[in-house]
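As the structure is a prediction and not an experimental result, all values here were calculated from the model.
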Amino acid sequence: MQPANQLDQLKQITKVVADTGDFATLKQYAPLDATTNPSLILKAALMPEYKTLVDEVIAEQRTANVPRSALAGQILDSLLVRFGVAILQIVPGRVSTETDADRSFDAAALVEKGRKFIALYEKNGIPRERVLIKIASTWEGTRAAEVLQKEGIHCNMTLLFSLAQAVACAQVKATLISPFVGRILDWYKKSTGKDYAPAEDPGVRSVAAIYTYYKKFGHQTEVMGASFRNLGEIQELAGCDLLTISPALLGELQKNTAPLPRKLSPELATGSDLARLELDEKKFRWLLNEDAMATEKTAEGIRLFNADAVKLERFIAQRL
């Protein structure tokens, strides 16, 4: 009997999510959920096989009662949702759709966009239980999540690099968080000039600590490790609630038949000596300010997602 590959082994202890907007990848690896962001949707929109989908959305929205100046933005929102709807025909679980990065410090605007996305999904026959609204883990992002969660709109808190951000998200009962493993590693490699073994990887250690904190103190918010740079990072986080993984690394897991031991579990977390962190806005901002890596990577991530959203909007505008 052929041994189970590591992707199948991982699926026994962790919810596997595909980090892609490419439908073919979803069919190939059969993840439970899928995550998208402006960068991934831009990449997919430029692929010839999605030209028809893009053209259909543009044609539908051309007649919308929207000022010309706002039309590209309206089409962008519709395109993000259309990709999400198509993804949900393939995956059995949920899809994550990202709010505008340039609203990351405006709680009211984030709430407005979250409600708009859900209305668009529901118009397409998708219940809100199958959608996660992605919001950057700023203080304002957590305030928006608090409002949306109370309305039954599930939030995926992204661009998360520190325990302070994770605790703030748990306090507002966000559905899940997406701490970025690989981007933390990138920062430390650049800062120290060192390479790190998977078990010593600063990104792995950060996510393991957040998972442990949540389980020890009974937070219901799920932890979904994201932004992986290598197979070792995934292997070290086996047992995390969810992991969202790129197509290339899903392929590596599928080819690997070595045993995959569980590294994270609620049972192990209960014996941790982590202390409870009490947070308000002042404490949150201070702790984030004191963490150079988290401050820099959150800001950089917001800038990069916004840049790709602008590119996607220009791509749409050229077709109007």
Side-chain angles (χ1 to χ4, degrees), residues 18-26 33-91 94-104 106-136 141 144 147-148 151-156 158 302-320:
D19 201 12
T20 182
D22 179 20
F23 309 152
T25 296
L26 297 171
D33 296 349
T35 55
T36 66
N37 60 46
S39 306
L40 294 172
I41 296 298
L42 174 63
K43 184 178 176 183
L46 294 171
M47 295 165 72
E49 51 263 51
Y50 301 118
K51 183 178 185 300
T52 302
L53 186 151
V54 174
D55 289 346
E56 281 177 2
V57 172
I58 291 173
E60 287 170 10
Q61 295 299 320
R62 268 204 178 104
T63 56
N65 187 23
V66 176
R68 178 79 182 183
S69 59
L71 186 55
Q74 172 77 8
I75 291 171
L76 174 57
D77 288 346
S78 297
L79 186 63
L80 293 174
V81 170
R82 184 64 64 85
F83 266 96
V85 170
I87 285 167
L88 288 173
Q89 309 309 310
I90 302 167
V91 302
R94 304 168 296 190
V95 70
S96 291
T97 298
E98 188 120 9
T99 52
D100 311 42
D102 62 2
R103 299 186 182 207
S104 296
D106 186 337
L110 289 167
V111 169
E112 180 188 22
K113 182 51 67 80
R115 288 171 177 161
K116 181 181 180 183
F117 278 149
I118 290 299
L120 286 170
Y121 271 109
E122 290 181 338
K123 189 177 177 183
N124 281 274
I126 303 295
R128 63 184 58 193
E129 291 74 29
R130 297 196 69 196
V131 181
L132 291 164
I133 302 300
K134 286 179 81 174
I135 299 173
V147 173
L148 292 171
E151 296 176 7
I153 296 174
H154 299 284
C155 297
N156 171 356
T158 187
I302 290 169
R303 284 195 301 271
L304 291 174
F305 279 159
N306 185 60
D308 279 340
V310 169
K311 286 179 195 170
L312 192 49
E313 200 164 321
R314 283 182 188 146
F315 166 79
I316 292 164
Q318 288 166 4
R319 280 152 182 76
L320 290 176

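Screening residues 55-76 for ring pair (Phe, Tyr, Trp, His ring centres under 6.0 Å), with sequence neighbours left out, gives no hits. Evaluation of the ring pair (Phe, Tyr, Trp, His ring centres under 6.0 Å) test over residues 36-80, restricted to residues two or more places apart or in two chains, returns Phe23-Tyr50, Tyr50-Phe83.
Side-chain atoms of Thr97 never come within 3.5 Å of backbone atoms of Ile133 as a donor-acceptor pair (strictly under, hydrogens ignored). Checking side-chain atoms of Lys311 against main-chain N and O of Ser39 turns up no donor-acceptor pair under 3.5 Å. A donor-acceptor pair under 3.5 Å is absent between the side-chain atoms of Arg130 and the main chain of Tyr121, judged by distance alone. Formation of a donor-acceptor pair under 3.5 Å by the Thr36 side chain with backbone atoms of Ser96 is found in this model. At least one donor-acceptor pair closer than 3.5 Å links the side chain of Ser78 to the backbone N or O of Gln74.
To the nearest 0.5 Å, atom CG of residue Leu79 and atom CD1 of residue Ile58 are 7.5 Å apart. Rounding to the nearest 0.5 angstrom, the gap separating the CZ atom in Arg314 from the CG atom in Leu76 is 13.0 Å. Distance CZ/Arg82 to CD/Gln61: 8.5 Å, rounded to 0.5 Å. For the atom pair Leu110 CG and Lys134 NZ, the distance stands at 14.0 Å (nearest 0.5 Å). With rounding to the nearest 0.5 Å, the separation of CZ in Arg128 from CD1 in Ile153 is 5.0 Å. With rounding to the nearest 0.5 angstrom, the CD atom of Glu112 is 9.5 Å from the CG atom of Asp100.
Only one option out of Arg115, Lys113, Lys123 pairs with Asp77 in a salt bridge (Lys or Arg N to Asp or Glu O under 4.0 Å); it is Lys113.
In this structure the side chain of Glu98 never reaches within 4.5 angstrom of the side chain of Leu80, judged on heavy atoms. Looking only at side-chain heavy atoms (C-beta outward), Val91 and Asp33 stay at 4.5 Å or farther from each other. Looking at Ile41 and Leu312, their side chains come closer than 4.5 Å, going by heavy atoms from C-beta outward. By the 4.5 Å heavy-atom criterion applied to side chains, Asn306 and Val310 are counted as neighbours. Two residues are said to be in side-chain contact when any heavy atoms from C-beta on lie closer than 4.5 Å; Ile316 and Val54 fail this criterion. Side chains of Arg94 and His154 form no contact here, defined as non-hydrogen atoms less than 4.5 Å apart. Proximity of Ile135 to Leu148: side-chain heavy atoms (C-beta onward) are separated by under 4.5 Å at one or more points. Contact check for Leu320 versus Ile75: side-chain heavy atoms found under the 4.5 Å cut-off.
Shown here for Glu313 and Gly73, the closest heavy-atom pair between the two residues is OE2-N, 3.7 Å. Closest of all the heavy-atom pairs between Gly21 and Ala44 is O-CB, 3.9 Å. Closest heavy-atom contact between Ala144 and Ala107: CB-O, 3.6 Å.
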Run the side chain to side chain contact (heavy atoms under 4.5 Å, CB included) check on Asn124 and Val81 step by step: do they pass?
CA-CA 9 Å; Asn124 281 274; Val81 170; 4.2 Å; yes
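Atom NZ of Lys43 has 12 or fewer neighbouring heavy atoms from other residues, nucleotides or ligands inside a 6.0 Å radius.
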